[in-house]
> 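My questions all concern the structure below.
We count residues from 1, following the sequence as given.
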Amino acid sequence: MLDQTKTVPVQKFDGTSDYHLDDAVLVEEPLEVLIEAGKQPAISVVTMRTPNDDKALAVGFLYTEGLLASQNDIESTEQLDDNRIKIKLLSEQGMQNRNYRREFIRTSSCGLCGDQSLKTLKLMGAVQQTAVEIDKAIIDRCVQKLKPSQLIFKQTGGSHGVAGFNLDADHLATFEDVGRHNALDKLIGHAVLKQLDIPIIVTSSRGGYEMVQKAIMAKAKILVCIGAPTSLAIETARHYGLRLIGFVKGDVYNLYC
């Protein structure tokens, strides 16, 4: 288990005086994911992430990119070292469908930019669904359970948190990371490996397109974002029947679709 936080010396100013103390900060390190599938050339994906849960992060990323459909598509996983993991797929079909022939860099801030189209989501295997009815009490209970489960955020104030719930607001899991996309990939990868459904996802971040894309690929029914959604996120959520909630503050929020 790698450290997810570290202590650094800081000089603190409080308006009237200054003094030295130790401060807990979030660890950020690169993770290289090596993807092998049949005779396809190996693909290397690099993301800046908070260490640990690397297998869930890698599996969640491959799942939301349409490169695997379930844990049964995984031949093996191998943690090569602290910052490198290899995933070997049983079939190269997913990579052929997505035309992965390149190495690329993911960052913790922007994820994979440019893949923002309904056509791409369809190619990845996204399925349209009928929007579910919203139970305000259920949403309130889910939101109230997110913050207490963000243990790293309590220490550092620097992590994004993403939590999964069933339709009765029972808490399934929470993952944290320096990148909101990584935190969601960790949750989705965990669900894939444990064969769990996660109909409600609550995230401490804003709701950009990629968060909506990942929620749709995970077959979630409701995505709750503490921050604001974007126009493309709303358009995509409406097209696929994903309930999108934003600007959550207490029991007040906006329902966008």
> How about H160 and T203: do any of their side-chain heavy atoms sit closer than 4.5 Å?
no

> Please answer whether the main-chain N or O of I152 pairs with a side-chain N or O of E176 as donor and acceptor at a distance below 3.5 Å.
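Present.
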
> Should I201 and L193 be regarded as members of a common hydrophobic cluster, given that ILVMFWY residues are connected when their side-chain heavy atoms come within less than 4.5 Å of each other, either directly or indirectly?
yes

> Please check if the number of heavy atoms outside K147 that lie under 6.0 Å from its NZ is greater than 12.
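Counting other residues, nucleotides and ligands, NZ of K147 stays at 12 neighbours or fewer.
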
> Do other residues, nucleotides or ligands put more than 12 heavy atoms under 6.0 Å from K249 NZ?
no

> Same cluster for L187 and Y209 if Ile/Leu/Val/Met/Phe/Trp/Tyr side chains link at under 4.5 Å?
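Yes, same cluster.
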
> If we ignore hydrogens and angles and just use 3.5 Å, is the side chain of E32 paired with the main-chain N or O of N83 as donor and acceptor?
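Not a single qualifying donor-acceptor pair exists.
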
> Test your reading of the model: is there a side-chain donor-acceptor pair from E28 to the backbone of M48, 3.5 Å cut-off?
no

> Does any N or O in the side chain of D177 come within less than 3.5 Å of the main-chain N or O of G179, such that one atom is a donor and the other an acceptor?
yes

> If we ignore hydrogens and angles and just use 3.5 Å, is the side chain of K88 paired with the main-chain N or O of L34 as donor and acceptor?
no

> Do S204 and L146 come close enough that some side-chain heavy atom pair is under 4.5 Å?
yes

> So do V202 and V248 actually touch side chain to side chain, heavy atoms under 4.5 Å?
no

> Is it true that a side-chain atom of T7 and a backbone atom of D22 form a donor plus acceptor pair closer than 3.5 Å?
no

> Counting only N and O atoms by type, is there a donor-acceptor contact under 3.5 Å from the side chain of N166 to the main-chain atoms of A169?
yes

> Taking atom NZ of K86 and atom OG of S44, what is their separation to the nearest 0.5 Å?
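Interatomic distance, K86 NZ to S44 OG, rounded to 0.5 Å: 12.5 Å.
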
> Do T174 and K145 make a side-chain contact, defined as non-hydrogen atoms from C-beta onward lying under 4.5 Å apart?
no

> Please answer whether the main-chain N or O of A69 pairs with a side-chain N or O of D73 as donor and acceptor at a distance below 3.5 Å.
yes

> Starting at OG1 of T64, measure out to CG of L184 and round the result to the nearest 0.5 Å.
7.5 Å

> Could you tell me if the side chain of D54 sits less than 4.5 Å from the side chain of R49, heavy atoms only?
yes

> List the steps, then state whether side chain to side chain contact (heavy atoms under 4.5 Å, CB included) holds for E75 with E36.
CA-CA 10 Å; E75 180 175 330; E36 294 184 356; over 6 Å; no

> Side-chain heavy atoms nearer than 4.5 Å, only ILVMFWY residues, links allowed to pass through others: does that put V162 and V192 together?
yes

> When clusters are formed by joining ILVMFWY residues with side-chain heavy atoms under 4.5 Å apart, either directly or through shared neighbours, do V132 and V224 land in the same one?
yes

> Just checking, any donor-acceptor pair under 3.5 angstrom between side chains of K219 and Q129?
no

> Decide yes or no for V25 and V10: does some side-chain heavy atom of the first lie under 4.5 Å from some side-chain heavy atom of the second?
no

> In terms of side-chain heavy atoms, does T16 have a donor or acceptor partner in D14 at a distance below 3.5 Å?
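Per modelled atom types, T16 and D14 side chains form a pair under 3.5 Å.
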
> Measure the spacing between NZ of K194 and CD of Q71 and express it to the nearest 0.5 Å.
9.5 Å

> At what distance, to the nearest 0.5 angstrom, does CG of L21 lie from CD of Q11?
9.5 Å

> Is the closest side-chain heavy-atom distance between R180 and E210 below 4.5 Å?
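Heavy-atom side-chain distance check fails, nothing below 4.5 Å.
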
> May I ask whether I188 and L172 are part of the same hydrophobic cluster, defined by side-chain heavy atoms of I, L, V, M, F, W, Y residues being less than 4.5 angstrom apart, directly or through others?
yes

> With side chain to side chain contact (heavy atoms under 4.5 Å, CB included) as the criterion, how do I134 and Y253 come out once you've worked through the C-alpha distance, each side chain's angles and the decisive distance to 0.1 Å?
CA-CA 12 Å; I134 294 290; Y253 56 75; 3.9 Å; yes

> Say you draw a straight line from OG1 of T50 to CG of L26; how long is it, rounded to the nearest 0.5 Å?
3.5 Å

> Which residue pairs pass the side chain to side chain donor-acceptor pair (under 3.5 Å) test with at least one member in residues 223-238, sequence neighbours excluded?
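Passing the test, one end in residues 223-238: no pairs.
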
> Has T156 got a side-chain atom pairing as donor or acceptor with G158's backbone, closer than 3.5 angstrom?
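A pair under 3.5 Å: yes.
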
> Using 4.0 Å as the upper bound for N to carboxylate O, is an ion pair formed by D23 and K12?
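The answer is no: the pair does not qualify as a salt bridge.
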
> Report yes or no: does R243 contribute a side-chain atom to a donor-acceptor pair with the main-chain N or O of I200 at less than 3.5 Å?
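Not confirmed, R243 side chain does not pair with I200 backbone.
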
> Going by the rule ring pair (Phe, Tyr, Trp, His ring centres under 6.0 Å), which residues pair with Y63 if we only count those two or more places apart in sequence or in a different chain?
none

> Side chains of C225 and M211: does their closest heavy-atom pair fall under 4.5 Å?
no

